[in-house]
Amino acid sequence: MAMLTQAPRGTKDILPEEAVKWVFLENKFREICRRFSYREIRTPVFEHTELFRRGVGETTDIVEKEMYTFQDKSGRSITLKPEGTAPVARAYIEHKLYNQPLPVKLFYITPGFRYERPQAGRLREFHQFGVEAFGSQNPLLDAEVMALAMQFLKEIGLEDVVLHINSIGCKLCRQGYRKALKDFLVESRQKLCETCSSRLDRNPLRILDCKNHECIKVLEGAPIVLDYLCDECKSHFEMVKNALSLINIDYMVNSRIVRGLDYYTKTVFEIISDDLGAQSTVCGGGRYDDLIEECGGPPTPAAGFGMGIERLAAILEKNNLVELPEETADVFIATMKDEYLNTALKLLYDFREKGIAAETDYLKRSLKAQMKYADKILARFVLIIGEEEMNSGVLTVKDLTNGKQYKVDCKKIIDYISNRIRKGCGEYE
RNA sequence: GUGGAUAUAGUUCAGUUGGUUAGAACGCCAGAUUGUGGCUCUGGAGGCCGUGGGUUCGAGUCCCACUAUCCACCCCA
């Protein structure tokens, strides 16, 4: 029974009131991307499971326990995309976009799916904005994707966020660090929490991310990734920081940022807000120089980010940051008698044809009730058609913002309304 | 997957030590004499009290299970 009347766990309906906010965010995001010369790409909602196993990484939580995977009718293993980057990388390879002028800069707006326990800022179906820039190892691109994210956040009025950056090095220097960290932690293995203890063998870097107090204590004095970077990675990181400073993007270096997806190399970053609960990351990303090759494409450096739309919306909501004009009908057509309905209907569609938002009564309401209704849907004008108006050909127009009424020849009514609307709320001469 | 809290009209919430027809506010609909919204007044509709068991003469109230929601862990957007 509830199955018919309740959305599946971890999913949400976006009702009209909220949908306008989403459209606002989407429009803004598209606009910023355009300014940074990123072009939109749309990829399927599901992919071959193998793409995520390889791309995201076999040992990640996402792959190990969070994917929506199923067999389709021909026995293929299909997975609803748990993140946006791997599918874009796949499309990049499949369509040989590396033959386009480099770098190839793409953005997307997509749903994502992960099977997790829902909580504040975390859903099973979530939505994200993302960008990916392929084909250059220039640190300016690392800085650019961060700058794009920060610019976007700034323009939607969200300035109270902090950009945390770090470098986890390339394949080579990470090995050295991994070993150093492991050596350091092995002695205190007992003190680590259960998961971290097992991480020690499988993926020691992730221990840095743990919020367990004991683990944090153990980590005091642990070797820091930045000290183990090779010369190349070190200078890359320096250049990223320089670029950020140069373009006035505030950031802080945080050696505990490591990210939970395997494909990251060198630069990683998160944008964090205090206004969310435990899920405080609004945006996460970084460089991933090996992913394309790992998925069977030509060696191609790349950088990008993903940004959680629900989390954005939550912060904006909490701080009352989006002030959107309420949706209104420009004109409501009220009729006194059924005999006038044909006239009203023609007028209704004439208005709509001319780009004027027009509405009428569909419930056979009294004039009074029609007025009330017009008021509730925030109509600007009510146009009254009654006996007098039908006889004289002169319509009564009431301005609901001030209650004033005017008589307007029915032949001029479209022009009259469209003029009044264009002039905003001003008086009409 | 683990832990805690919660579940009563469309919404936010009352509901006494278990006791008869489960209430309020807001919202919705309709009226307050001839063709006019907002304010006010009046009336109306709307609840398998999350679902299923149990205790009891009697359960919205007590017990158990399930489901869902919220919060946190894990992890991430």
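Residue numbers begin at 1 in each chain, while the letters A, B, ... track the order of the sequences. Values reported hereafter were calculated over all heavy atoms of this structure, with side chains retained and with hydrogens, waters and symmetry mates removed.
At a cut-off of 3.5 angstrom, the base of B:rA77 holds at least one donor-acceptor pair with the side chain of A:R114. Taking only distance into account, the side chain of A:R122 never meets the base of B:rC71 through a donor-acceptor pair shorter than 3.5 Å.
Stem list for RNA chain B (at least 3 consecutive Watson-Crick or G-U pairs, distances under 3.5 Å): B:1-7 with B:67-73, B:10-13 with B:23-26, B:28-32 with B:40-44, B:50-54 with B:62-66.
An OP1 or OP2 oxygen of B:rU36 is reached within less than 4.0 angstrom by no side-chain nitrogen or oxygen of A:K404. Side-chain N/O atoms of A:R117 include none lying less than 4.0 angstrom from OP1 or OP2 on B:rG1. Contact check, A:Q119 against B:rC70: no side-chain N or O comes under 4.0 Å of OP1 or OP2.
Among the nucleotides B:rU69, B:rC70, B:rA77, the one closest to the side chain of A:R9 is B:rU69. Listed nucleotides: B:rC74, B:rA77, B:rC73. Nearest to the side chain of A:K65: B:rC74. In the set B:rA77, B:rG35, B:rU69, B:rG35 carries the atom at the smallest distance from any side-chain atom of A:M336. Here the nucleotide nearest the side chain of A:E116, chosen from B:rG37, B:rA72, B:rA77, is B:rA77. Among the nucleotides B:rG35, B:rG37, B:rA77, the one closest to any side-chain atom of A:E389 is B:rG35.
Between the CD atom of A:E17 and the C1' atom of B:rG27 there is a distance of 13 Å, rounded to whole Å. Residue A:E132 contributes atom CD, which lies 11 Å from atom P of B:rA77 at whole-angstrom precision.
B:rG58 and B:rG54 have their P atoms separated by 12 Å, given to the nearest Å.
A salt bridge links A:K407 to A:E388: at least one charged side-chain nitrogen sits closer than 4.0 Å to a carboxylate oxygen. The pair A:E40-A:R34 fails the salt-bridge criterion, with no side-chain N (NZ, NE, NH1 or NH2) lying under 4.0 Å from an Asp/Glu carboxylate O. With salt bridges taken as basic N to acidic carboxylate O contacts below 4.0 Å, one links A:E270 and A:R259. Taking 4.0 Å as the cut-off between side-chain N and carboxylate O, A:K12 and A:E310 do not count as a salt-bridged pair.
Listed by residue number, A:R365, A:L367, A:K368, A:M371, A:K372, A:D375, A:K376 are the residues of residues 360-379 of chain A with a heavy-atom contact under 4.0 Å to RNA chain B.
The closest side-chain donor-acceptor pair between A:T43 and A:K81 falls under 3.5 angstrom. With hydrogens and angles left out, the side-chain atoms of A:S418 and A:K354 include no donor and acceptor closer than 3.5 Å.
Residue pairs meeting the side chain to side chain donor-acceptor pair (under 3.5 Å) criterion with at least one member in residues 156-166 of chain A, sequence neighbours excluded, are A:H164-A:N254.
Between the side chain of A:E18 and the main chain of A:L15, no donor-acceptor pair closer than 3.5 Å is present. Side chain of A:R122 to backbone of A:R117: a donor-acceptor contact under 3.5 angstrom is found.
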